[in-house]
Amino acid sequence: MARKTGSHSEITGPRVRAAAERLFARQGYAAVSMRKIAAEVGVQAGALYLYTKDKQALLFDMMDAHMVSLLDAWQELDPGGDPMTRLEALVRFHIRFHMERQDAVFIAYMELRNLTPENYAAITARRKAYEQVVEGILSDGKASGAFAVEDAHLSAMAVIAMLTGVNTWYREGGRLSLERVEEIYWDMVRKSLVG
């Protein structure tokens, strides 16, 4: 199907994805129809298919983009060096990265159940790659004697869950600044891993 004269895919495509993300985060994937997304963007429902194959493709694309962005951002920021330095950087990175993408994070965790088996496998592989980053840092710390962890995988999952939880309660302008929350969380993570 040819795009109409005057159509701006570089503008409308991102608007479609942004509207879908807002609606999926607020109402849930199952409750949002392509018509609702179209109405939010201000286009006819049929026009959405110029930008996405279907609603499942929209969900997968936004979840995949989130995970790729997370992995790429950490790779850029990773300071290297000793496990304690890397873990502190990761704790601060994880909190800040996720706070800037609250809707994407909510969808990434809550809408896994709505992915097709093939899409679920692809997203969980990306999640596993990030989990392995944390697990690797903890394993290196255990090997060097910096961390007293019995099971690096289990500890990595606990650290990720703890850090991601900040997204559910933190509000800008509250009692603590985000910088102070990072400090406190780093202190809690460090103390939980040092023997």
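Nothing here was measured: the structure is a model prediction, and the numbers come from that model.
A donor-acceptor pair is defined here as one N or O able to donate and one able to accept, closer than 3.5 Å; no such pair exists between the side chain of Tyr51 and the backbone of Thr12. Panel note: side chain Lys191, backbone Trp186; no donor-acceptor pair is recorded below 3.5 Å. Here the side chain of Gln56 pairs a donor or acceptor atom with the backbone of Thr116 at under 3.5 angstrom. Using a distance-only test at 3.5 Å, with no hydrogens or angles considered, no donor-acceptor pair links the side chain of Gln27 to the main chain of Val32. One N or O on the side chain of Ser192 and one on the backbone of Val189 form a donor-acceptor pair closer than 3.5 Å. The closest donor-acceptor contact from the side chain of Ser155 to the backbone of Asp151 lies under 3.5 Å. For Lys142 (side chain) and Ile137 (main-chain N/O), no donor-acceptor pair under 3.5 Å exists by modelled atom type. Of the possible donor and acceptor atoms, none in the side chain of Arg127 sits under 3.5 Å from a partner among the backbone N and O of Met67.
Across all non-hydrogen atoms, the minimal contact from Tyr120 to Leu112 is CD1-O, 3.6 Å. Across all their heavy atoms, Ser69 and Phe97 have their closest contact at OG-CZ, 3.6 Å. Nearest heavy atoms, Met62 versus Ile107: SD-CD1, 3.8 Å. Residues Phe60 and Ala122 approach most closely at CE1-CB, 3.8 Å, considering heavy atoms. Across all their heavy atoms, Leu138 and Ala152 have their closest contact at CD1-O, 3.8 Å. Taking all atoms of both residues into account, the shortest heavy-atom contact from Ser144 to Pro83 is OG-CG, 4.1 Å.
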Item to complete: Just do the salt bridge (Lys or Arg N to Asp or Glu O under 4.0 Å) check on Glu21 and Arg17 with the steps written out, would you?
Response: CA-CA 6 Å; Glu21 184 176 277; Arg17 287 185 291 280; over 6 Å; no
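A perpendicular orientation is assigned to the rings of His98 and His66, their planes being inclined by more than 60° (bins at 30° and 60°).
Contact check on Arg86 versus Asp78 returns a salt bridge, with a Lys/Arg side-chain nitrogen under 4.0 Å from an Asp/Glu carboxylate oxygen. Comment: Glu179 engages Arg96 in a salt bridge, judged by a side-chain N to carboxylate O separation of less than 4.0 angstrom. One finds no salt bridge joining Asp103 and Arg22 here, because no Lys/Arg side-chain nitrogen approaches an Asp/Glu carboxylate oxygen to under 4.0 Å. Between Arg15 and Glu40, none of the side-chain N atoms (NZ, or NE/NH1/NH2) sits under 4.0 Å from a carboxylate O, so this pair counts as no salt bridge.
Looking at heavy atoms from C-beta onward, Phe106 lies out of side-chain contact with Asn167 at the 4.5 angstrom threshold. You'll find the side chain of Met34 reaches within 4.5 Å of the side chain of Tyr49, heavy atoms only. You'll find the side chain of Leu87 reaches within 4.5 Å of the side chain of Leu193, heavy atoms only.
To the nearest 0.5 Å, atom CG of residue Leu59 and atom CD of residue Glu111 are 6.5 Å apart. In this structure, the separation between OH on Tyr185 and CG on Leu176 is 10.0 Å, given to the nearest 0.5 Å.
The distance between the ring centers of Phe93 and Trp74 falls below 6.0 angstrom.
Between the side chains of Thr164 and His94, at least one donor-acceptor pair of N or O atoms lies under 3.5 Å.
Note on Tyr130: it does not cluster hydrophobically with Leu154, by side-chain heavy-atom contacts below 4.5 Å among ILVMFWY residues. Placement of Ile184 and Leu90 within a single hydrophobic cluster is found when ILVMFWY residues are connected by side-chain heavy-atom separations under 4.5 Å, directly or transitively.
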